[in-house]
Engineer: 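First the structure, then my questions, so here it is.
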Amino acid sequence: MVGEDRVFGSLSEEGRYRLLIEAVTDYAIYMLDTDGVVTSWNPGARRFKGYEANEIIGQHFSRFYSEEDRNAGLPARVLEIAKTTGKYESEGWRIRKDGSRFWAFVVIDPIRTPSGELVGYAKITRDLTERKLAEQALKKSEEQFRLLVQGVTDYAIYMLDPEGRVDSWNLGAQRIKGYMPDEIIGKHFSQFYTPEDREAGEPQYAVEMAAREGRYEREGWRRRKDGTRFWAHVVIDAIRDEAGALIGFAKITRDITERKEAQEKLEAAREALVQSQKMEAIGHLTGGVAHDFNNLLMAVLGSLELVRKRMPSDEKLTALVDNAILGAQRGATLTKRMLAFARRQELNVQTIHVPELVLGMTELLQRSVGQSVSIETRFPLALKPIRADANQLEMALLNLAVNARDAMPEGGQILLAARDAIISTDEPDGLKAGRYVCVSVQDTGEGMDEGTLNRAMEPFFTTKGIGKGTGLGLPMVHGLAQQSGGRFVLKSRVGEGTTAEVWLPADSDVHSAKKQKRPISAEADWPHTLLVVLAVDDDPLVLTNTLAMLEDLGHTAHGASSGIAALEVLRQENPIDVVITDHVMPLMTGLQLANKIKAEWPKLPVILATGFAEIASGSFEFARLSKPFSQTELAETLKNIQPVPGKAHVLKFAGASPKT
């Protein structure tokens, strides 16, 4: 080391400078004469320009320039600038020996004698190709990113300064929010929020959260320039410099209103499905209970009627029996409502003009709701008729009116209206596409909260006091609408009253005639005659009661506890004039039995006794007797039956031992 220092120190100053320049490889350092001819060449120049010293010394330095620059006279111009100003400095493309280009940083200084005479130029060149390519790549990337951001139309992508003012604005922001760049840049982003959110400090919270956590993400309502709202998914990211200082925020907003609406529709459909399944399950349970209860009431009512006819004349006893009969009849009404909810009631479907039906029950409606409640009707002149059971619809409207009255203890107004409606596609609640008439009953009462509204159509649910409601009124209306091919909708808010809508199918044939029951016999009206009747029922209580009522009317009665037993009685050639059979029985239903009787004894009348309306459509050729039936209803049904002449009337039981 000491030896090297001695060698370096023994060199002249010129020698030391030459040694230094020869050692530099990252810079091209060489001399030009006054005409621009190369007079020296260091290893750095050789490394990135590619010429050996003997190849380039004596050559003009213009060969390092591109053809375009030479044609433009740039080499001569840079020497002139260096000569006149004392220095030339610039960057540009230069050419290597192999013809490839590199980006050069060039400094040219004039060299003068102490007297100021120009003797040449010192030229220093550095290869900055890597840096230039990196800058170009970055610039290209930035330009592509800018074009990408500006070209996006489904997302609003823009910058905010640290205070929340808008710094940039892309086409997506322009499309979604409605502002042009010159209208919004420089404004605070809080103007995109609803007044409620601004008052709650939501914009400030958003940027504070992004600054603190690095990111803020939320969904909510936002406002467009025209004041309309849209549901937005918003992401705000904090932007920091290399030192970690906050320099602004990147904000991305997407309009997802359609997705939200679709999601809400899906949730509504799911809710409707769950509600439908729930009501269906309750309906099955209710229908089963109503069937069993019907049988019990059948036995109770029939027995009470017979007891009342045969009991001694005693006013107190008669009053007690009458009271018991009234109680059983009220129970029968309950079962009818339960069957209506379960959609198992028997409907007498006919063409109905709603305004006429309502007009015909105006007095009944007003008397039912009292003088403190006014009733207003509103019907279009061209309202289409509907297909429904008139009696059941009257009962439904009366129920709804009474419910409305109960919701207005201080009095109020009921609006009974109707309108035509078209359902274009099948709906999740089961309503089929088609034409309907929506009959509505609207009150100005207290309204219901969400919990009460959700349970309002459940059987036995009531908000009235004990003894003031059965909880079957609305379920009955629901069942009627469903069984008629429509739907029942309740709308209510606390303090805003309630609107009940009964949607029923419009009648496609306005000239439809009222549906008629087929008579039991095709013969002319016969006088009241004693008959031989075969009664069929799997419930011993009901069978005993039916036989007792028949005998009390003077008829001869046979009993059978099943369809098979009934066929055995008939095949023994007993003189049977008519068969009365229950429908819901194990092994063989009443309808199946009726069809077998029709096949073997075509002229033998059959009466189907049931509380259900689920008998197949082909059963209209058989007469119906609705359970629970009274002795009077039984007698009325039998009065047109023609007895079989010349037969002895005997009493016989098959498969049952009723007590008569």
Side-chain angles (χ1 to χ4, degrees), residues 333 336-337 339-341 343 345-371 373-408 412-423 431-432 434-444 457 472-491 497-517 613 624 626:
T333 302
K336 286 181 179 179
R337 290 187 175 184
L339 288 171
F341 168 71
R343 304 191 294 281
Q345 64 183 337
E346 183 178 358
L347 296 181
N348 181 23
V349 179
Q350 61 190 90
T351 297
I352 300 173
H353 292 272
V354 175
E356 294 178 7
L357 180 138
V358 173
L359 181 63
M361 60 183 297
T362 301
E363 185 178 345
L364 174 62
L365 282 171
Q366 190 64 68
R367 189 168 62 247
S368 299
V369 300
Q371 296 303 314
V373 175
S374 64
I375 300 178
E376 179 185 343
T377 58
R378 190 178 300 165
F379 302 115
L381 292 176
L383 185 69
K384 291 185 178 298
I386 60 173
R387 294 287 291 167
D389 185 309
N391 292 332
Q392 295 290 342
L393 181 56
E394 285 183 351
M395 186 183 300
L397 294 177
L398 185 60
N399 264 316
L400 295 175
V402 170
N403 277 352
R405 177 205 64 190
D406 293 342
M408 301 182 291
Q413 185 182 53
I414 295 175
L415 174 61
L416 209 161
R419 70 178 191 275
D420 289 318
I422 297 177
I423 302 299
L431 194 68
K432 301 296 183 182
R435 291 182 174 273
Y436 293 85
V437 172
C438 174
V439 184
S440 62
V441 178
Q442 181 179 354
D443 64 56
T444 56
M457 280 186 281
L472 286 171
L474 293 181
M476 183 273 288
V477 181
H478 168 79
L480 168 67
Q482 291 281 322
Q483 192 174 353
S484 301
R487 68 179 172 190
F488 180 47
V489 180
L490 268 182
K491 302 174 182 178
T498 300
T499 300
E501 295 181 347
V502 184
W503 292 61
L504 295 168
D507 192 352
S508 57
D509 181 5
V510 296
H511 302 293
S512 297
K514 180 176 179 180
K515 183 178 178 181
Q516 300 291 336
K517 291 185 179 180
R624 304 282 188 91
S626 181

Engineer: Donor-acceptor check, side chain of Q366 to backbone of V373, threshold 3.5 angstrom: yes or no?
Structural biologist: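 It does hold such a pair.
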
Engineer: Would you check if L416 and F379 make a side-chain contact, meaning some heavy-atom pair closer than 4.5 Å?
Structural biologist: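 In short, these two side chains touch, coming nearer than 4.5 Å.
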
Engineer: Identify which one of N403, I414, L398, V477 satisfies the side-chain contact (heavy atoms from CB on, under 4.5 Å) criterion when paired with V441.
Structural biologist: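 Going through the options one by one, the only one that passes is I414.
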
Engineer: If we ignore hydrogens and angles and just use 3.5 Å, is the side chain of D443 paired with the main-chain N or O of G412 as donor and acceptor?
Structural biologist: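 It does not hold such a pair.
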
Engineer: Evaluate the side-chain proximity of L393 to L504: yes if any heavy-atom separation is below 4.5 Å, no if none is.
Structural biologist: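 When only atoms from C-beta onward are counted, L393 and L504 do touch, with a gap below 4.5 Å.
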
Engineer: Locate the shortest heavy-atom distance separating C438 from W503; write the atom from each residue and the value.
Structural biologist: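 Heavy atoms only, the tightest pair is SG-NE1, 3.5 Å.
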
Engineer: Answer whether the closest heavy-atom distance between the side chains of L357 and L397 falls below 4.5 Å.
Structural biologist: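 In contact.
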
Engineer: Looking only at heavy atoms, what is the nearest atom pair of M361 and E394, with distance?
Structural biologist: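 Closest pair (atom of M361, atom of E394, distance): CE-O, 3.4 Å.
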
Engineer: Give me the one residue out of L383, T377, L381 that meets side-chain contact (heavy atoms from CB on, under 4.5 Å) with P355.
Structural biologist: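 It is L383; the other options fail the test.
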
Engineer: Could you state the interatomic distance from CG (L431) to CD1 (I423), rounded to the nearest 0.5 Å?
Structural biologist: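 Nearest 0.5 Å value for the CG-CD1 distance: 5.0 Å.
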
Engineer: Is there side-chain contact between D420 and P380, with heavy atoms separated by less than 4.5 Å?
Structural biologist: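 A side-chain contact is absent here, since even the closest heavy-atom pair is not under 4.5 Å.
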
Engineer: Under 6.0 Å from the CZ atom of R435, do we count more than 12 heavy atoms belonging to anything else shown?
Structural biologist: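 Open.
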
Engineer: Is the number of heavy atoms from other residues, nucleotides or ligands under 6.0 Å of Q371 CD greater than 12?
Structural biologist: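 No.
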
Engineer: Quick check for you: to the nearest 0.5 Å, what is the distance between E501 atom CD and L400 atom CG?
Structural biologist: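 One finds 11.0 Å between CD of E501 and CG of L400.
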
Engineer: Which heavy atom of E376 sits nearest a heavy atom of Q413, and at what distance?
Structural biologist: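 Between these two residues, the closest heavy atoms are OE1-NE2, 3.2 Å.
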
Engineer: Can you tell me how far OG of S440 sits from NZ of K491, rounded to the nearest 0.5 angstrom?
Structural biologist: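 Taking NZ in K491 and OG in S440, the distance rounds to 9.0 Å.
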
Engineer: Checking E356 now: which residues fulfil side chain to side chain contact (heavy atoms under 4.5 Å, CB included) with it, not counting sequence neighbours?
Structural biologist: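 In terms of side chain to side chain contact (heavy atoms under 4.5 Å, CB included), with neighbours along the sequence ignored, E356 is linked to H353.
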
Engineer: With sequence neighbours left out, write down each residue that passes side-chain hydrogen bond (donor to acceptor under 3.5 Å, both in side chains) with Q442, or none if nothing qualifies.
Structural biologist: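 Here no residue qualifies.
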
Engineer: Where do V502 and A481 come nearest, in terms of heavy atoms and distance?
Structural biologist: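 It is CG1-CB, 4.2 Å.
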
Engineer: What are the two closest non-hydrogen atoms of P505 and G486, and how far apart are they?
Structural biologist: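 Scanning both residues, the minimum pair turns out to be CD-N, 4.3 Å.
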
Engineer: Among T351, V354, D507, which residue meets the side-chain contact (heavy atoms from CB on, under 4.5 Å) test with I386?
Structural biologist: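 So, applying the side-chain contact (heavy atoms from CB on, under 4.5 Å) to I386 and each of T351, V354, D507, only V354 qualifies.
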
Engineer: Would you compute the distance between atom CD of Q482 and atom CZ of R487 and round it to the nearest 0.5 angstrom?
Structural biologist: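 Output value for this atom pair is 10.0 Å.
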
Engineer: Which atoms form the tightest heavy-atom contact between A401 and V369, and what is the distance?
Structural biologist: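 So the minimum-distance heavy-atom pair works out to O-CG1, 3.7 Å.
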
